Structure formats: C-alpha cells, structure tokens
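Have a look at the structure below before the remarks.
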Amino acid sequence: PSANLNLLLTAFYGEGDGDYINIYEGTGTTEVERTDVEFLVRYNFPGKKFSIFGGARYVDFKEDNITPSFLAEDDMTLWLAEVGFGMVADMSDNGRHRLFGNFTAAAAFGEWEYRDTNGYVDSDDSVEPAFDFNFGYQYVIGSHLSFSVRYRAFIIFDTNDFDHRRLNTLHGPELALAIYF
C-alpha cells in the first residue's frame with residue numbers, strides 16, 4: 001500500500017524428536033510437528049528502524065509421546081489476534097543484510113485434544129494470553145521477499161488437567177521466507 005505500510009504473510013513448518021520420560025510408562029521418544037501461518041499489517045515509522053504491527057495467526061501443534069507400551073497424542077490448534085512492535089538494524093549500506101527483533105502479545109483462542117493408549121481422552125477450548133519473542137538475521141532478496149534465520153520463543157498460558165495454570169513454551173531456531181504485498 002505505501003512505503004511505510006506493509007502486508008506480510010509468513011508461514012513456518014517444523015518437526016523434531018527427543019527423549020520422553022513418563023513416571024508410569026518408562027522412557028521413550030517424543031515427536032513434535034508445528035505449522036504456523038501469520039498475516040500482519042505493519043507500519044514502519046518514517047526515518048526510524050521501528051515498526052508496530054497487528055494481525056492474525058494460526059498455529060497447529062502435534063505431539064506424540066511413545067514408549068514400548070504407551071502412546072499419547074496431543075493436538076493443539078490456536079487462532080491468535082496479535083499486536084506488537086519490532087526493530088531492525090541494517091548491517092549493510094544497501095539494507096539487504098539486517099538484524100531484527102520483535103515482541104508480540106496476543107489473545108489465543110485454542111482447542112486442545114489428548115488421547116492415549118490407556119483409554120484416557122480429554123479436550124478443552126479456551127481463550128488464553130500468549131507472547132512471542134524473536135530475534136535474528138534477515139536477508140532482503142527484493143522489494144517483496146526476504147529470508148530470515150531467527151530464534152523464536154512462543155509462550156502461551158493455559159490450564160492443565162488439575163486446573164492449575166501453566167506456561168507452555170515452544171522455542172527454537174526457525175528459517176522463514178516472508179512475502180511483502
């Protein structure tokens with residue numbers, strides 16, 4: 001729309017595995033998969049390296065915890081309304097190489113389902129606060145495309161099976177391709 005106003009569409013996909021320890025079922029592995037799609041309207045303040053933004057985000061997170069005698073499947077889907085701010089520092093005169101950081105606060109509308117081989121099934125839906133911090137390196141390919149490597153921490157508050165508040169944190173490195181309209 002203008003030099004100071006951008007529409008951004010960003011998509012992420014990641015998967016990984018690790019060790020899983022269950023006090024009753026023993027040790028095994030955990031496998032996780034995350035899909036994350038975000039649409040933002042961003043305003044860049046003229047002459048500054050500072051921006052504010054708002055938009056919507058969809059996150060689908062799947063986790064399977066596996067031991068020789070046990071399987072637990074956890075599926076969480078979130079729709080988020082987001083607002084935030086970001087900063088950027090140019091590393092080159094032409095602005096193609098940048099360092100950046102962003103902070104986002106959100107209201108997360110979530111659905112959660114759990115099931116395991118012991119026959120336990122649970123589900124819930126709720127509205128919870130969420131936060132996203134990220135920083136990294138960005139290479140600007142052209143006026144409508146950039147590639148970035150970042151470290152991101154996505155934090156959401158929710159309630160566990162015992163009605164206790166807990167903090168869930170999804171974090172780690174990400175590769176991203178951003179398209180600017």
Side-chain angles (χ1 to χ4, degrees), residues 1-17 31-64 74-113 125-158 167-181:
S2 75
N4 297 326
L5 189 64
N6 304 110
L7 304 177
L8 295 96
L9 175 64
T10 308
F12 305 98
Y13 174 80
E15 57 184 46
D17 56 32
E31 298 173 357
V32 295
E33 179 181 340
R34 179 174 143 217
T35 304
D36 193 326
V37 179
E38 182 176 53
F39 178 76
L40 297 174
V41 176
R42 179 178 66 188
Y43 178 75
N44 301 302
F45 288 91
K48 309 287 183 199
K49 298 296 182 179
F50 181 78
S51 64
I52 57 173
F53 51 82
R57 183 173 176 182
Y58 166 81
V59 179
D60 186 47
F61 182 73
K62 295 178 180 10
E63 178 179 8
D64 292 336
D74 209 348
D75 189 3
M76 180 173 47
T77 302
L78 302 170
W79 292 94
L80 296 97
E82 303 179 315
V83 294
F85 65 89
M87 295 177 279
V88 64
D90 289 332
M91 297 174 59
S92 61
D93 291 337
N94 64 4
R96 283 187 173 266
H97 301 274
R98 300 175 173 179
L99 295 176
F100 66 88
N102 297 290
F103 171 78
T104 306
F109 306 88
E111 295 179 345
W112 168 77
E113 292 182 10
D125 55 31
S126 61
V127 178
E128 305 291 347
F131 300 94
D132 187 326
F133 307 87
N134 65 74
F135 61 90
Y137 165 79
Q138 179 183 40
Y139 177 71
V140 178
I141 299 167
S143 61
H144 299 289
L145 191 63
S146 70
F147 172 78
S148 63
V149 177
R150 73 179 87 197
Y151 188 86
R152 180 174 235 164
F154 177 61
I155 301 164
I156 183 167
F157 294 86
D158 68 359
L167 185 67
N168 285 323
T169 304
L170 309 174
H171 65 95
E174 293 182 340
L175 303 175
L177 188 63
I179 302 168
Y180 307 88
F181 297 95

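What you see is a predicted model, and the numbers here were worked out from it, not measured in a lab.
Inter-residue side-chain proximity for Trp112 and Asp74 is flagged as met; some heavy-atom pair is nearer than 4.5 Å. A heavy-atom distance below 4.5 Å is not found between the side chains of Val83 and Thr104. For the pair Glu82 and Phe131, the minimum side-chain heavy-atom distance is 4.5 Å or more. For the pair Asp132 and Arg57, the minimum side-chain heavy-atom distance is below 4.5 Å. Inter-residue side-chain proximity for Met87 and Lys49 is flagged as unmet; no heavy-atom pair is nearer than 4.5 Å. Residues Thr10 and Val37 are not in side-chain contact: their nearest non-hydrogen atoms beyond the backbone lie 4.5 Å or more apart. Val32 has its side chain out of reach of Asp17: every pair of non-hydrogen atoms, C-beta onward, lies at least 4.5 Å apart.
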Given the rule in the side-chain contact (heavy atoms from CB on, under 4.5 Å) test, do Asn4 and Tyr43 qualify, once you have shown the distances and angles that lead to the verdict?
-> CA-CA 6 Å; Asn4 297 326; Tyr43 178 75; 3.8 Å; yes

Intermediate values then yes/no, side-chain contact (heavy atoms from CB on, under 4.5 Å), Leu7 and Leu40 = CA-CA 6 Å; Leu7 304 177; Leu40 297 174; over 6 Å; no

Could you walk me through whether Asp60 and Thr77 pass side chain to side chain donor-acceptor pair (under 3.5 Å), step by step?
-> CA-CA 4 Å; Asp60 186 47; Thr77 302; 3.0 Å; yes

Hey, mind stepping through Leu99 and Met91 against side-chain contact (heavy atoms from CB on, under 4.5 Å) and telling me if it holds?
-> CA-CA 7 Å; Leu99 295 176; Met91 297 174 59; 3.5 Å; yes

CA sep, side-chain torsions, deciding dist, call: Phe50, Val88, side-chain contact (heavy atoms from CB on, under 4.5 Å) | CA-CA 7 Å; Phe50 181 78; Val88 64; over 6 Å; no

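No salt bridge links Lys62 with Glu33; every basic N to acidic carboxylate O contact stays at or beyond 4.0 Å. Classification of Arg34 and Glu63 as a salt-bridged pair fails, no side-chain N sitting under 4.0 Å from a carboxylate O.
In Asn94, the CG atom is crowded: over 12 heavy atoms of neighbouring residues, nucleotides or ligands sit closer than 6.0 Å.
In summary, the aromatic rings of Trp79 and Tyr58 are positioned with their centroids under 6.0 Å apart. Aromatic rings from Phe133 and Phe103 are positioned such that their centres are separated by under 6.0 Å.
Side-chain N or O atoms of Ser146 include none that pairs as donor or acceptor with a backbone N or O of Ile141 at under 3.5 Å. In this structure a side-chain-to-backbone donor-acceptor pair under 3.5 Å is present from Arg96 to Val140.
At least one test fails for Arg152 against the ring of Phe135: distance under 6.0 Å to the centre or angle within 45° of the axis.
If you check the side chains of His97 and Tyr139, you find no donor sitting under 3.5 Å from an acceptor. One side chain, Asn44 or Asn6, offers a donor N or O that lies under 3.5 Å from an acceptor on the other.
Smallest separation of non-hydrogen atoms from Phe100 and Ser148: CE2-CB, 3.9 Å. Between Ala130 and Phe154, the closest heavy-atom pair is CB-CE1, 4.1 Å. The minimum heavy-atom distance linking Gly86 with Asn102 is given by the pair CA-OD1, 3.3 Å.
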